[in-house]
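Structure first, commentary second.
This one's a predicted model, so the numbers in the text were calculated from it and none came from an experiment. What's counted below: heavy atoms across the whole structure, side chains too, no hydrogens, waters or symmetry copies.
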2 protein chains.
Amino acid sequence: MSDTAARSDMNSWQAVQEEALRRIRSRQWRPGELIPNEAELSQELGCARATVNRALRNLAEAGFLDRRRKAGTRVALHPVRKATLDISMIRQEIEGKGQAYSYLLLSSGLESPPLDVRVRLQGPADQQQLHITALHMADRRPYAYEDRWINPQAVPEAMTADFEAQSPNEWLLVHVPFEGGSIAFSAKTASQMEAEILACPPGEGLFVIDRATWSKGQVITQVRLIFHPGYHMHTEL
Amino acid sequence: MSDTAARSDMNSWQAVQEEALRRIRSRQWRPGELIPNEAELSQELGCARATVNRALRNLAEAGFLDRRRKAGTRVALHPVRKATLDISMIRQEIEGKGQAYSYLLLSSGLESPPLDVRVRLQGPADQQQLHITALHMADRRPYAYEDRWINPQAVPEAMTADFEAQSPNEWLLVHVPFEGGSIAFSAKTASQMEAEILACPPGEGLFVIDRATWSKGQVITQVRLIFHPGYHMHTEL
DNA sequence: CAGTGGTCTAGACCACAAG
DNA sequence: TTGTGGTCTAGACCACTGG
């Protein structure tokens, strides 16, 4: 009964994954330890190697295992949990909560970007950028302040877009496909101006998202979103 | 040349995925539109159905496609980008930046949790919980303040653990496997006490992570991490 | 060099849900 | 009912990389 052979077969990849997780959690497979290779496991568990592969690959993506050709598969030394956040349009985020979305364009025009924006741009030094500021509202109350720079070289159509009707957030998502980007989350203390825009006391701690997106090696847009006090972003593990 | 037939074969799932992405971005496949089924695509592209399946399944996970049995595969109406965040131990996060990690236990003891903690616990009403507060430091400077509640019913061993030597953050990760959890990110204004602990002016905006983890239907622990001013968490898309 | 994971294939059956 | 994606299999070859 305590033998390693002939377990009741588990021929779904989910079952194999569960079994592997069980062995990790029960310390039958210890952190850093080499586990049996795919061929052995498939034989032991009574399924095809591809099934084992799917299960272990999945666990590796989730951070539980480290896999390398020839070196084999090991239990991850430091379990790094991965949380996935859904980044959607602000309009959807608000409407998804059952609130009414509205939007106000605050300013729009060509400007020379400040140093921090220019650094990230990596483009020619003294080029002007389209600078747009706007306010997103939920049930007529301030929700998020959008401060955006758009590279007119990468997106010339943006120069003639009507950002009164549609926020740059949405316009860009629909009109400009992008390949990659970076996101940063942080907090900041509300300045006098931000406090006025978001209708909160100055000095309040506000949640901030900075995002840059690029395509074909060019930076398309950079944006800072500053959210109203009390905003929080959450996800499951 | 402009025919749909006989493209140069693409028999890797990555190539199929790129081709599908190209068609989405070029609007050859429009948002909401039904795309050909796996059998047709595999024939058109000259590869096995399993290869197409792998590619499209991947794109669906990434949020570009919506797939349903019998209903077929459609281009997602609202491209929801998914950002994955790595949640690791604070020690690793600091050492990964090349800084020296240190840790200070501030308090530890059984207490009746406040209302907000009790609500999430979903357990018996008047049960005491292990309450621990601690400070994580990078190069001897305050990095994050940890305010944690541990359910002694779920983790009795925690009552005798030495949290002077090892932070509860690490101890739990090593000793208690968990199944699920929820994470929330937000910002808060530094209180007088928090300002003193983190050595910053009161009123500063601080980045906050709230996390709850459970296993076998029981809440194991709840924690709030408050980070020093200037902290930011970032990831790639 | 040789062992391991990574992938592709052709075929098969199944589960789900739209009509 | 029936079309679609979801998965499993057995076998094969490839790519990377440790020893």
Rounding to an integer number of Å, can you tell me how far [X] [atom1] sits from [N] [atom2]?
X       : N      : atom1 : atom2 : value
B:Leu65 : D:dG6  : CG    : P     : 11 Å
B:Arg67 : C:dA18 : CZ    : P     : 15 Å
B:Glu38 : C:dA12 : CD    : P     : 17 Å
A:Gln17 : D:dC8  : CD    : P     : 11 Å
A:Leu41 : C:dT4  : CG    : C1'   : 13 Å
A:Arg54 : C:dG5  : CZ    : C1'   : 16 Å
A:Leu34 : D:dG18 : CG    : C1'   : 12 Å
B:Lys70 : C:dA18 : NZ    : P     : 9 Å

**Item:** First of A:Asn37 and B:Arg69 reached from the 5' end of DNA chain C, by closest nucleotide
**Value:**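 Its nearest nucleotide lies further toward 5', so the answer is A:Asn37.
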Within the pair [X] and [N], is there a side-chain N or O less than 4.0 Å away from OP1 or OP2?
X       : N     : result
B:Asn53 : D:dG6 : yes
A:Arg57 : C:dG5 : no
A:Thr73 : C:dT4 : no
B:Asn11 : C:dC8 : no
B:Thr51 : C:dT7 : no

**Prompt:** With distance as the sole criterion, do the side chain of A:Arg68 and the base of C:dG3 form a donor-acceptor contact below 3.5 Å?
**Reply:**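 A donor-acceptor contact between them is absent.
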**Request:** Can you check whether any acceptor in the base of C:dT7 is under 3.5 Å from a donor in the side chain of A:Arg49, or vice versa?
**Result:**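 Such a pair exists between side chain and base.
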**Request:** Identify whether the distance between the nearest side-chain nitrogen and carboxylate oxygen of B:Arg74 and B:Asp66 falls below 4.0 Å.
**Result:**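 So B:Arg74 does not pair with B:Asp66 through a salt bridge.
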**Message:** Salt bridge or not between B:Glu38 and B:Arg67? Use side-chain N to carboxylate O under 4.0 Å.
**Reply:**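 B:Arg67 and B:Glu38: salt-bridged.
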**Message:** Need one value for B:Gln14: base, sugar-phosphate or nothing, where a base atom within 4.0 Å counts as base even if backbone is also close, heavy atoms only.
**Reply:**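 Result for B:Gln14 = sugar-phosphate.
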**Prompt:** Does A:Glu33 use its side chain to pair, donor to acceptor, with the backbone of A:Val75 at less than 3.5 Å?
**Reply:**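 Pair absent, no side-chain N/O of A:Glu33 close to backbone of A:Val75.
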**Message:** Under a 3.5 Å distance rule, please check whether B:His232 uses its side chain to pair with a backbone N or O of A:Ser186 as donor and acceptor.
**Reply:**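 Such a contact is absent between B:His232 side chain and A:Ser186 backbone.
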**Message:** Is the ring pair B:Phe207/A:Phe207 parallel, tilted or perpendicular, if the boundaries are 30 and 60 degrees?
**Reply:**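 Aromatic pair B:Phe207/A:Phe207 classed parallel.
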